Amino acid sequence: MDQTSSLSPMLRRLLPSLAGGPRRVAEHILADPAAVAGLSLSALAAATGTSESTVVRLATTAGFRGYRDLRTAIAVAAGAADSRPDPHLVTSDITQSDGVADTIAKLAAEECSAITDTAATLDHDTLERAATMVTAARSVVVIGIAASGLVALDLAAKLSRIGIVAQAVTEGHAALTAALVMRPEDLLVVVSSSGSTADMTEPLERARERGVVTLAITATPGSPVTSADATLFSVSARESTLRPAAMASRTGQMFVIDVLFTVVAQRTFTQTRTAIEESWLALAPRHPRTLQEDA
């Protein structure tokens, strides 16, 4: 992945896992990359109330060799920002008094941003590996709670539609039970924005103890679920009072599973096409006839 061209989405993805000092530096860069691009290491440390070592620590955490490489990426991000419409024209803070038009515009901007940022930071090699896990599995169990449960249901339904044995589990106790009866040839997929809830981490741990292959989809680098055999990261839209974390995270997660499903379908194209055609034919009698057919 080109870290220079995807700096802003990368930093937004890292924010939840950063400690106070590095987080302040990252937020300062995101707020005005053009201003930061002209700062020396010591000047950026002073501007954020941190130390030079803290700035360097952020750079290495983001995958750069040091501040010089990070500064180059900041300059590129600043140039990209200059070519886009003013981000302040549409904010993520939807208020009680916003009209329908403003609400649509703000949500559309945030949803698009979540998808674009997730696409920019999605690791291609990990995605290929995840697709291999799915196609090689005897069966797939996808677990998720609350909003992540909706994502789990969608992935399981998609996989089932193309002939892959898959089920979604959206309740904590049931998730643990499912993990305890899985076999090494199965695949457990954990969908969790925070990556740290016990309802997700415990089934993952039990499955790994049984030799089950595991895949995590999360928005939080360094969270407990990243102990899975492979991890795909999504980027959340920004939270606000009326847009809680669960709602903000779902769009990025849905994009990840859409991409994963599409790659799996490409790899199993003949099976996929046959399964879809057979299901369409089976359901055809239930499809309402068109007006032309009635004429």
Side-chain angles (χ1 to χ4, degrees), residues 12-18 114 117-118 121-123 126-127 129-134 137-160 164-237 239 243-261 264:
R12 280 192 287 270
R13 190 190 74 190
L14 284 174
L15 276 179
S17 65
L18 294 176
D117 289 354
T118 298
T121 58
L122 199 55
D123 187 84
T126 305
L127 180 60
R129 186 180 177 196
T132 298
M133 291 176 174
V134 173
R138 180 186 72 110
S139 67
V140 180
V141 175
V142 192
I143 63 175
I145 303 297
S148 293
L150 300 176
V151 180
L153 287 166
D154 190 58
L155 177 57
K158 281 181 166 67
L159 295 177
S160 297
I164 294 176
V165 179
Q167 66 167 317
V169 182
T170 59
E171 192 277 327
H173 291 178
L176 179 58
T177 300
L180 290 173
V181 298
M182 295 181 73
R183 301 177 185 175
E185 59 266 32
D186 296 327
L187 170 64
L188 177 68
V189 181
V190 176
V191 185
S192 172
S193 180
S194 70
S196 59
T197 59
D199 284 338
M200 296 293 98
T201 59
E202 192 170 356
L204 177 63
E205 181 180 346
R206 295 294 178 266
R208 287 175 57 81
E209 290 173 355
R210 298 177 63 83
V212 175
V213 180
T214 55
L215 169 66
I217 299 173
T218 183
T220 311
S223 61
V225 298
T226 60
S227 64
D229 295 304
T231 303
L232 293 172
F233 291 102
S234 62
V235 176
S236 297
E239 299 176 36
R243 187 176 174 81
M247 183 179 177
S249 67
R250 189 184 64 242
T251 300
Q253 291 175 340
M254 291 294 286
F255 179 73
V256 170
I257 69 160
D258 281 348
V259 174
L260 175 60
F261 168 76
V264 169

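Small disclaimer: the values here were computed from a predicted structure and weren't measured. Residues: numbered from 1 along the sequence shown.
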For the residue pair [X] and [Y], what are the closest heavy atoms and their distance?
X: Phe233; Y: Val256; value: O-CG2, 4.0 Å
X: Pro16; Y: Thr220; value: CB-CG2, 4.2 Å
X: Ile143; Y: Pro203; value: CD1-CB, 3.8 Å

Open item on the list: Regarding Gln253 and Ser148, do their side chains bring together a donor and an acceptor under 3.5 Å, going by distance alone?
Closed with: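 Per modelled atom types, Gln253 and Ser148 side chains form a pair under 3.5 Å.
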
Beyond-backbone contact of [X] with [Y], side-chain heavy atoms, under 4.5 angstrom:
X: Leu155; Y: Val151; value: no
X: Arg210; Y: Val181; value: no
X: Thr197; Y: Ile145; value: no
X: Val190; Y: Thr214; value: no
X: Leu215; Y: Leu260; value: yes
X: Thr231; Y: Val225; value: no

For residues 165-176, dump all side-chain donor-acceptor pairs below 3.5 Å to protein atoms at least two apart in sequence or in another chain.
from: Glu171; atom 1: OE1; to: His173; atom 2: N; distance (Å): 3.0
from: Glu171; atom 1: OE1; to: Ala174; atom 2: N; distance (Å): 2.7
from: Glu171; atom 1: OE2; to: His173; atom 2: N; distance (Å): 3.2

TODO: Please say whether more than 12 non-hydrogen atoms of neighbouring residues, nucleotides or ligands are located less than 6.0 Å from CZ in Arg183.
DONE: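 Counting other residues, nucleotides and ligands, CZ of Arg183 stays at 12 neighbours or fewer.
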
- [ ] Test Phe255 against every option in Thr251, Ile257, Val259 by the side chain to side chain contact (heavy atoms under 4.5 Å, CB included) rule and name the one that passes.
- [x]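 Between Phe255 and the candidates, side chain to side chain contact (heavy atoms under 4.5 Å, CB included) is satisfied uniquely by Val259.
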
What is the distance from atom [atom1] of [X] to atom [atom2] of [Y], rounded to the nearest 0.5 Å?
X: Asp229; Y: Leu188; atom1: CG; atom2: CG; result: 10.0 Å
X: Ser193; Y: Ile217; atom1: OG; atom2: CD1; result: 12.0 Å
X: Leu232; Y: Thr226; atom1: CG; atom2: OG1; result: 12.5 Å
X: Leu122; Y: Arg13; atom1: CG; atom2: CZ; result: 9.0 Å
X: Arg129; Y: Asp123; atom1: CZ; atom2: CG; result: 11.0 Å
X: Thr118; Y: Asp258; atom1: OG1; atom2: CG; result: 11.5 Å

Task: Salt bridge Arg208-Glu205, side-chain N to carboxylate O under 4.0 Å - done: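 Salt bridge absent between Arg208 and Glu205.
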
Task: Partner set under side-chain contact (heavy atoms from CB on, under 4.5 Å) for Pro224, not counting sequence neighbours - done: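 Result, side-chain contact (heavy atoms from CB on, under 4.5 Å) vs Pro224: Ser196, Thr201.
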
Task: Any donor-acceptor N/O pair, Thr218 side chain to Ser192 backbone, under 3.5 Å - done: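 Side chain of Thr218 to backbone of Ser192: a pair is present.
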
